[in-house]
There are 2 protein chains.
Amino acid sequence: MGLETAALAAIASPRRREILRLVWREERAAGEIHRAMGDVTFGAVSQQLRALCESGLLEARADGRQRFYKARREAMGPVGELLERMWDDALWQLKQRAELAERRRGPRAARPRGSRRKKGTA
Amino acid sequence: MGLETAALAAIASPRRREILRLVWREERAAGEIHRAMGDVTFGAVSQQLRALCESGLLEARADGRQRFYKARREAMGPVGELLERMWDDALWQLKQRAELAERRRGPRAARPRGSRRKKGTA
DNA sequence: CAGATATTTTAGTTATAACTAAATTGCTGC
DNA sequence: GCAGCAATTTAGTTATAACTAAAATATCTG
């Protein structure tokens with residue numbers, strides 16, 4: 001099997017790189033991942049987890065009310081090696097941190113304006 | 001020197017990958033690159049060339065009214081090796097082609113609405 | 001200088017990614 | 001069943017990337 005384009009898209013985003021690093025060697029529950037990331041809502045993390053699953057880069061396992069995620073390293077091919085090299089590189093770590101800090105000033109407000117629909121009451 | 005984040009962003013985009021491939025081993029004029037790509041305006045190509053230069057992945061050389069671009073392979077580190085492996089992979093090539101075709105149905109219309117300003121006549 | 005050619009730049013548009021807050025779903029234990 | 005926690009989903013927002021068409025810039029040629 002060759003290289004996955006999904007893997008390239010994944011590693012282009014600091015946020016997704018952060019998730020991948022957390023679940024690279026051992027599975028973690030969604031909430032645990034969220035807590036480890038800070039400054040982003042649970043919902044946002046859940047969305048990224050779904051995207052990563054759908055492109056085959058993560059696998060999920062349900063246990064009780066928790067869901068455990070783990071990287072599918074074999075699906076990433078050479079891109080995986082690249083990631084590992086990155087994480088071992090001290091200089092790189094600084095850069096990644098800086099980029100994440102920038103991203104935190106991204107889409108911010110999204111303040112609610114109208115009333116919320118109730119789906120079940122139609 | 002370590003890995004450049006810019007390189008990751010570059011290889012995540014099929015369009016920029018295409019440009020990089022064209023100027024990987026030998027320099028090419030902007031127009032030549034544009035003609036080789038098809039289905040995109042010269043302006044769009046020029047913008048991508050600028051972005052790639054600014055992130056240090058290409059170098060430019062002016063000669064008469066032409067501008068020649070060439071990849072700065074040494075700035076890409078391990079990402080460069082990854083790209084080379086991709087281009088040698090037949091399966092990958094099919095995928096890349098498909099993705100470019102999709103991207104061609106991206107931002108399309110941009111039809112003009114108002115009159116254009118004339119900068120020099122103020 | 002006028003015209004042709006090569007490229008860049010600008011202004012505006014569309015599509016999309018990433019996000020938030022709130023609602024919803026699913027499981028557990030009382 | 002209902003309260004409570006974990007996680008997901010939804011609807012709407014903001015920021016941004018990629019693009020087009022037109023205008024501008026620069027260089028060469030007669």
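Note on naming: letters A, B, ... go to the chains in the order of the sequence lines (proteins, then strands), and numbering restarts at 1 for each one. We use all heavy atoms of the structure for the numbers below, so side chains are in, but hydrogens, waters and symmetry mates are not.
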- Within a radius of less than 6.0 Å around CZ of A/Arg61, do more than 12 heavy atoms belonging to other residues, nucleotides or ligands occur? yes
What nucleotide, of [options], holds the atom closest to the side chain of [X]?
X       : options               : result
B/Arg50 : C/dT9, D/dC19, D/dT9  : C/dT9
A/Ser46 : C/dC19, D/dT8, D/dA18 : D/dT8
A/Gln47 : D/dT9, C/dT9, D/dA18  : D/dT9
A/Arg65 : D/dG4, D/dC28, D/dA18 : D/dG4
B/Thr41 : D/dA21, D/dT8, C/dA18 : D/dA21
A/Phe42 : D/dC19, D/dT8, C/dA21 : D/dT8

Roughly, in whole Å, what's the span from [atom1] in [X] to [atom2] in [N]?
X       : N      : atom1 : atom2 : answer
B/Glu27 : C/dT7  : CD    : P     : 12 Å
A/Ile19 : C/dA17 : CD1   : C1'   : 14 Å
A/Ile33 : D/dA6  : CD1   : C1'   : 13 Å
A/Met37 : D/dA7  : CE    : P     : 13 Å
A/Glu32 : D/dC5  : CD    : C1'   : 16 Å
A/Gln66 : C/dT28 : CD    : P     : 11 Å
B/Leu58 : C/dT8  : CG    : C1'   : 15 Å
B/His34 : D/dA18 : NE2   : P     : 17 Å

- Query: Short question: side chain of B/Ser13, backbone of B/Ala9 - any donor-acceptor pair under 3.5 Å?
  - Reply: no
- Query: Does B/Glu54 come within less than 4.0 Å of B/Arg50, counting only side-chain N to carboxylate O?
  - Reply: yes
- Query: Closer to the 5' end of DNA chain C via nearest nucleotide, is it A/Val45 or B/Leu49?
  - Reply: B/Leu49
Taking only N and O in the side chain of [X], is any of them less than 4.0 Å away from OP1 or OP2 of [N]?
X       : N      : value
B/Tyr69 : C/dT8  : yes
A/Arg67 : D/dA6  : no
A/Arg16 : C/dA18 : yes

- Task: Pick base, sugar-phosphate or nothing for A/Ala44, based on heavy-atom distances below 4.0 Å to the nucleic acid.
- Result: base
- Message: Regarding B/Ala62, tell me which of base, sugar-phosphate or nothing describes its non-hydrogen contacts under 4.0 Å with the strands shown.
- Response: nothing
- Message: If we check side-chain contact (heavy atoms from CB on, under 4.5 Å) with A/Leu57, which of these qualifies: A/Arg73, A/Arg72, A/Met76?
- Response: A/Met76
- The salt bridge (charged side-chain N to carboxylate O under 4.0 Å, His left out) partner of B/Glu84 among B/Arg25, B/Arg21, B/Arg17 is B/Arg25
